[in-house]
Colleague: 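Handing you a structure now.
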Amino acid sequence: MPVSGLPEISIPRRLRAPAPGWTTTADVIVVGSGIAGLTTALRLRRRVDRMLLVTKTVLDEGSTAWAQGGIAAVMSPEDSPAEHIHDTLVAGVGLCDVDAVEALVTEGPDAVWDLIALGADFDRGDTGQISLTREGGHHRDRILHAGGDATGREISRALIAALDRVRDDPGIEVIEHALVVDLLTDESERVCGVTLHVIGEGQVDGVGAAHARAVVLATGGLGQIYSSTTNPSVATGDGMAAALRAGAVLADLEFVQFHPTVLWLGEGSRGQQPLISEAVRGEGAFLVDEAGDRFMRGQHPLADLAPRDVVARAIIARMRETGTDHVYLDCRHLGADFLEQRFPSIVQRCRELGFDPATQLLPVAPAQHYASGGVRTDLRGRSSLEGLYACGETSCTGVHGANRLASNSLLEGLVFARRIADDLTARLGAGELPETTPVAPSGEPELIRGKRRLDVQRAMTAGSGTVRSASSLAATEETLAALAARAVGADADKQGGPKSWETTNLLHLGRALTYAAALRDETRGGHVREDFPARDDEHFLHHVHLQRSAAGVLEARVVPVPGANLEGLDLDGSVPVDVLDEDRAEGIAATKPAARHTDSADETKETM
C-alpha cells in the first residue's frame, strides 16, 4: 500500500557483518534478559534439552530494571478483572485486541503470585498485605511496587537470582555481551537461529551463528530512536529491526508513548533522562504551569491521573500556549518524610541534579518512553514467521492498542512469556519445529556508520516525535532516505561493529515508523497529528501492519481490530460495565483469583 507523498522505501535483508567464525546450537534461543526473556528462559529450562539465553550487555542492564512505577494486577477484593480490562481498553483508545487484554488481566494475578514465590519482594503494609497504589488511567489501586520506586530492579534481581541458582544446569547456557545482528532462516523462510556478535575472549568471540529450532526475541523497544528518552542506552530496537529485515510483520509502530513527566534538565539535554514515575501523581502530586494553574482540571475525568497520552498532549498544548519548554510537577504537599520513604530513588536522583521535590516545583516535559507497537504476535507469542516468537516491548500482542496503560508492560512480559514457554513446550514435544539448516540471505548487505546516530535521532525528534504532520513526516523520511543512501556509498561502514549495527537498526525502524505514521490521518493515543487533531473512529479503528516484501520493499496493510466491541465504551474516560458481551463478562468474573500467601521462594520456584 503506497503512502501519499513518500517514496518507496527499501529495507535490506541483512546488515553488513563479518562471516560467522564460530557456531553453537540449542533447541531454543531467547534473546534478552528483561522480565520477558528471563521468565521465558526459566520456564523453558526444565522442558527442553538445551536453552541458550543471550543478552546485549549483562543480565541486569535491560529496561526492566529501570521500571519505577510497578506492575499492574488485580490483587485486591475491591478490584475485578473486568475493571482492569475496561481501564486497558480506554487507555488503548479502541485499538486493543480484547482477547489479548483478557488473557493479560485474567492470567496476570497468578503470574504475579508465582513471581512472588520465586523471590520478588514487593512492598507490604503494616498487616503484611501487599501494598497497592494507583497510576494514570487506573480506577482502582492495583499497582504493586517494591523499594518504593524500584520495582523493576527488584523483579530483575529476583529473576536473575533464580537463574543463578540453575547456572550449573547443562541444559542452559548464558552468553552476555552478545548483540544479535540478524535472524537466520531456512529455504522455507522459517527462522532457525541468529547471527550475533560477542565481546569476549576465546572461542565465543566476535561474530558467530547460533542455530535453534525456535527463537524468542525479548530485546526491548526502540527507545534510542529519539534525542530525549527515558530508556537505557541498550534500547536500540535490535530485535524489531532484525525481524523486519527477515520479513516478519510489525504492527502499530506509529504509537510511541511519550511519558508526560520526565525531569527537564534544560535545552540541549540528550540521552536517557530522569523519569518522575506516574506513581508520584498517583499519591497526590499534580501538574501546574508557570502561573501555578492546575491545567489538567477539566481536561479529563481523571485530571492528573488521565492516561499518559492525554496528559502528554495537555502538557504540549500548555507549553505552546505559554511559550515555555516545560511545566511543573508539584509534590511539596506530600512532605519530605513520605517522599523519601515512598520514592527514595526518585528523591535521591532529583537532589543529585539540584532539585528537591519536598521543597521545589519539579520542571517536567514529555520524553520518549515506550513503544506500543512491535513484532506482531498472536496470543501464543508466535510471529508471522514460523519459528520466531516475540515478547515484551519487542512484540505487539494487541494489549496496548494506541497507548499503553501504566504498569501493564511488566505484566505483559510476564504473562506472554509464560504463554510462549508453554506453546514451545507443546510444539517441541509434538515433534514440530524440527532441526533445519539456514541458508545464506539474498541481496546486498547495508550498514551506515555509528556516528550517524545523532542524525537519525534529530530527524525522528523533529518530524516523527511528539507532534507530527504530513509535511514533518515527509521531511523526516527525506532525511532518513539520504542517510540510508550512505549505507551503500562511500560513507558506508565496510567492516561492521556494534555502534554501526545499532544505528542502522534505528534507521530502519525510523523509516518504518514514519511510514506508518503517514498512513494514519488522525490523532489517537501516542500518535498526534497537528494537521488531523481529531480522532476518527469511523475510518481508523484498525492496525497498520508493515512487512518487508520479497523484493525488499516496505509494504503496509490495514487490518481490522480483532474482537473489538466498543459499543458503550467512552474512550474519553468513563468506564462502563457493559463493554464486553454478557457471556464474556460472566466468564471473566468467574476467573477472579483468590489471594495467595507464601513465605518460601521454594514452593513454586519451578513454575516460572
Side-chain angles (χ1 to χ4, degrees), residues 66-70 133-137 143 145 147-153 226-231 257-297 299-300 302-370 406-407 466:
W66 291 95
Q68 294 176 344
T133 189
R134 193 173 306 194
E135 294 181 0
I143 313 301
H145 50 85
D149 55 4
T151 310
R153 181 66 64 185
Y226 296 102
S227 299
S228 181
T229 179
T230 65
N231 288 256
Q257 186 177 85
F258 290 83
H259 198 288
T261 54
V262 176
L263 194 64
W264 187 79
L265 299 179
E267 186 177 0
S269 181
R270 296 290 185 268
Q272 187 177 10
Q273 306 291 294
L275 174 68
I276 308 300
S277 170
E278 199 151 5
V280 179
R281 279 177 285 135
E283 297 290 359
F286 51 82
L287 292 159
V288 297
D289 61 17
E290 60 177 3
D293 179 24
R294 290 190 61 177
F295 59 88
M296 285 306 301
R297 287 176 169 171
Q299 297 273 354
H300 189 277
L302 293 176
D304 293 271
L305 282 177
R308 289 174 176 174
D309 65 309
V310 176
V311 180
R313 286 203 300 273
I315 291 174
I316 292 168
R318 186 51 58 103
M319 291 191 304
R320 286 184 168 184
E321 291 170 8
T322 58
T324 58
D325 42 23
H326 62 279
V327 295
Y328 296 95
L329 185 67
D330 193 347
C331 319
R332 296 173 297 178
H333 57 288
L334 299 178
D337 290 344
F338 176 81
L339 288 169
E340 290 168 2
Q341 179 180 2
R342 178 66 177 85
F343 304 108
S345 302
I346 293 174
V347 170
Q348 179 182 350
R349 184 59 176 151
C350 286
R351 287 173 176 169
E352 289 172 351
L353 295 168
F355 304 98
D356 188 346
T359 61
Q360 297 173 283
L361 295 173
L362 298 179
V364 294
Q368 197 277 339
H369 184 56
Y370 189 86
S407 291
T466 53

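Below, all heavy atoms of this structure are taken into account, side chains as well, without hydrogens, waters or symmetry copies.
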Colleague: How far does CZ of Arg332 sit from CG of Leu339, to the nearest 0.5 angstrom?
Modeller: 12.0 Å
Colleague: What's the spacing between Met296 CE and Ile315 CD1 if we round to 0.5 Å?
Modeller: 7.5 Å
Colleague: Ring-plane angle category for Phe338 and Phe343, please: parallel below 30°, perpendicular beyond 60°, tilted otherwise.
Modeller: perpendicular
Colleague: Nearest 0.5 angstrom please: Thr322 OG1 to Glu290 CD, how far?
Modeller: 5.0 Å
Colleague: Are Pro363 and Leu263 packed together at the side-chain level, in the sense that at least one heavy-atom pair is separated by less than 4.5 angstrom?
Modeller: yes
Colleague: What distance separates Glu278 CD from Arg134 CZ, expressed to the nearest 0.5 Å?
Modeller: 12.5 Å
Colleague: So, the side chain of Asp356 versus the backbone of Gln360: is there a donor-acceptor pair under 3.5 Å, distance only?
Modeller: no
Colleague: Do side-chain atoms of His145 reach the backbone of Arg342 as a donor and acceptor pair under 3.5 angstrom?
Modeller: no
Colleague: Should we count CZ of Arg297 as having more than 12 external heavy atoms under 6.0 Å?
Modeller: no
Colleague: Which atoms form the tightest heavy-atom contact between Leu265 and Pro274, and what is the distance?
Modeller: CD1-CD, 3.7 Å
Colleague: Thr261 side chain to Ile276 main-chain N or O, any donor-acceptor pair under 3.5 Å?
Modeller: yes
Colleague: Report the C-alpha distance between Asp304 and Arg294 in whole Å, list the side-chain angles of each, state the deciding distance to 0.1 Å, and finish with yes or no for salt bridge (Lys or Arg N to Asp or Glu O under 4.0 Å).
Modeller: CA-CA 9 Å; Asp304 293 271; Arg294 290 190 61 177; 3.2 Å; yes
Colleague: Pro260 and Arg281: which non-hydrogen atoms are nearest, and at how many Å?
Modeller: CG-NH2, 3.5 Å
Colleague: Less than 4.5 Å apart, side chain to side chain, heavy atoms only: is that true for Glu283 and Cys331?
Modeller: no
Colleague: Write down the atom of Pro357, the atom of Phe355, and the distance for their closest heavy-atom approach.
Modeller: CD-O, 3.6 Å
Colleague: Going by an N to O cut-off under 4.0 Å, is there a salt bridge joining Asp289 and Arg318?
Modeller: yes
Colleague: I'd like to know if the side chain of Ser407 and the backbone of Gly70 have a donor-acceptor N/O pair within less than 3.5 Å.
Modeller: yes
Colleague: Working to the nearest 0.5 angstrom, can you tell me the gap between Leu334 CG and Phe286 CZ?
Modeller: 8.5 Å
Colleague: Looking only at non-hydrogen atoms, find the nearest pair between Ile346 and Leu275 and report the distance.
Modeller: CG1-O, 4.3 Å
Colleague: Which heavy atom of Cys350 sits nearest a heavy atom of Leu362, and at what distance?
Modeller: SG-CD1, 4.2 Å
Colleague: Side chains of Met319 and Pro366: does their closest heavy-atom pair fall under 4.5 Å?
Modeller: yes
Colleague: Measuring from atom CZ of Phe258 to atom OG1 of Thr230, what distance do you get when rounded to the nearest 0.5 angstrom?
Modeller: 10.5 Å
Colleague: Determine the interplanar angle of the His259 and His369 rings, folded into 0 to 90°, and report it as parallel if under 30°, tilted if 30 to 60°, perpendicular if over 60°.
Modeller: perpendicular
Colleague: Can you give me the closest heavy-atom contact between Tyr328 and Val364, atom names plus distance?
Modeller: C-CG2, 4.2 Å
Colleague: Whether the side chain of Gln341 engages the backbone of Asp337 through a donor-acceptor N/O pair (distance < 3.5 Å, no angle test) should be reported.
Modeller: no
